[in-house]
Novice: 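A single structure is presented below for examination.
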Amino acid sequence: MLTYKEMDNLAAVEIELSDRVSTEEFDRTAKKLEAFIARHGRVRVLEIVNHFEGMDVKALWHDLKFSLRHLNDFSRCAIVSDAKFLSLWSTIAEPFLDCQVAYFKPDEVEAARDWLLWPEGAADVI
């Protein structure tokens, strides 16, 4: 299952993945995200992964093609998950991305949002 929420005024989206993702769900969400990228240019993404059981093989293929088309369209990505494979996958992909990526534990959703929406170039406040 995929849920998708846009924050137009912040050029950011929040995507939540849970259970199993179908090709139709992925394609519907990808279409919305592509339209959002067309409106804003580089965007920020918060991805929350809860009890994710995977996706259809065709959806995985569509995800790979989408990712390759949009390598430079993300400025910041926050990933909330306890799934170890996401960290490995991102480590492999990171050299090809022009994007800041940060990982957060499931109980750190608010910290992930704060990091995602923090103005680029602004100093951290303690």
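Bear in mind that the values here come from a model prediction, so they are computed numbers and not experimental data.
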Novice: So Asp8 and His40, do their side chains get closer than 4.5 Å, heavy atoms only?
Specialist: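 Of all side-chain heavy-atom pairs linking Asp8 with His40, at least one is under 4.5 Å.
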Novice: How long is the straight-line distance from CG of Asp73 back to OG of Ser67, given to the nearest 0.5 Å?
Specialist: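 One finds 11.0 Å between OG of Ser67 and CG of Asp73.
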Novice: Using 0.5 Å steps for rounding, measure from the CG atom of Leu2 to the OG atom of Ser22.
Specialist: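 So the CG of Leu2 and the OG of Ser22 are separated by 7.5 Å.
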Novice: In chain order, what residues pass the side-chain hydrogen bond (donor to acceptor under 3.5 Å, both in side chains) check against Gln100, with sequence neighbours excluded?
Specialist: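 Applying side-chain hydrogen bond (donor to acceptor under 3.5 Å, both in side chains) to Gln100 gives Arg76.
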Novice: Would you indicate whether the side-chain heavy atoms of Arg44 and Met7 approach each other to under 4.5 Å?
Specialist: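 Result no, sub-4.5 Å side-chain heavy-atom pair not found.
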Novice: Which atoms form the tightest heavy-atom contact between Cys99 and Cys77, and what is the distance?
Specialist: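 Closest pair (atom of Cys99, atom of Cys77, distance): SG-N, 3.7 Å.
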Novice: The test is side chain to side chain contact (heavy atoms under 4.5 Å, CB included); show your working for Glu108 and Val80 and say whether it passes.
Specialist: CA-CA 7 Å; Glu108 298 176 324; Val80 177; 5.9 Å; no
Novice: Decide yes or no on side chain to side chain contact (heavy atoms under 4.5 Å, CB included) for Leu46 and Glu16, but give the supporting numbers first.
Specialist: CA-CA 8 Å; Leu46 171 58; Glu16 187 168 349; over 6 Å; no
Novice: Could you measure the distance from the CD atom of Glu47 to the OH atom of Tyr103? Nearest 0.5 Å is fine.
Specialist: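 Between atom CD of Glu47 and atom OH of Tyr103 there are 10.0 Å.
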Novice: Quick one: does Phe26's side chain get under 4.5 Å of Thr23's, heavy atoms only?
Specialist: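 The answer is no, as the side chains (C-beta and beyond) never meet within the 4.5 Å cut-off.
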Novice: List the atom of Ala12, the atom of Leu116, and the distance in Å for their closest heavy-atom pair.
Specialist: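 Of all heavy-atom pairs spanning Ala12 and Leu116, the closest is CB-CD2, 4.4 Å.
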Novice: With the threshold set at 4.0 Å, does a side-chain nitrogen-carboxylate oxygen contact exist between Arg113 and Glu14?
Specialist: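 So Arg113 pairs with Glu14 through a salt bridge.
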Novice: Is the count of non-hydrogen atoms from other residues, nucleotides or ligands lying under 6.0 Å from Lys65 atom NZ greater than 12?
Specialist: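 Yes, NZ of Lys65 has more than 12 neighbouring heavy atoms, counting only those of other groups under 6.0 Å.
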Novice: Please say which of Asn50, Ile48, Val49 ends up in a side-chain contact (heavy atoms from CB on, under 4.5 Å) with Ser81.
Specialist: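 Only match with Ser81 under side-chain contact (heavy atoms from CB on, under 4.5 Å): Val49.
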Novice: From Ile37 CD1 over to Asn72 CG, what is the distance, rounded to the nearest 0.5 angstrom?
Specialist: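 One finds 11.0 Å between CD1 of Ile37 and CG of Asn72.
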Novice: List the steps and the verdict of side chain to side chain contact (heavy atoms under 4.5 Å, CB included) for Met55 and Glu25.
Specialist: CA-CA 10 Å; Met55 56 177 48; Glu25 286 176 304; over 6 Å; no
Novice: Do the non-hydrogen side-chain atoms of Arg28 and Tyr4 ever get within less than 4.5 Å of each other?
Specialist: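 Of all side-chain heavy-atom pairs linking Tyr4 with Arg28, none is under 4.5 Å.
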Novice: Mind checking whether Val21 and Thr29 have side chains closer than 4.5 Å, heavy atoms only?
Specialist: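 Side-chain contact under 4.5 Å: no.
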Novice: Are the side chains of Phe74 and Leu33 in touch, meaning some heavy atoms are under 4.5 Å apart?
Specialist: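 Side chain of Phe74 against side chain of Leu33, heavy atoms only: contact under 4.5 Å found.
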Novice: For Glu53, enumerate each residue passing the side-chain hydrogen bond (donor to acceptor under 3.5 Å, both in side chains) test, keeping only those at least two apart in sequence or located in another chain.
Specialist: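 Glu53 satisfies side-chain hydrogen bond (donor to acceptor under 3.5 Å, both in side chains) with no residue once adjacent residues are dropped.
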Novice: About how many Å separate CD of Glu34 and CG of Asp27, when rounded to the nearest 0.5 Å?
Specialist: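 The CD atom of Glu34 is 9.5 Å from CG of Asp27, to the nearest 0.5 Å.
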Novice: Are Met1 and Leu60 connected into the same hydrophobic cluster when the rule is that any two of I, L, V, M, F, W, Y join if their side-chain heavy atoms are below 4.5 Å apart?
Specialist: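 Leu60 does not cluster with Met1.
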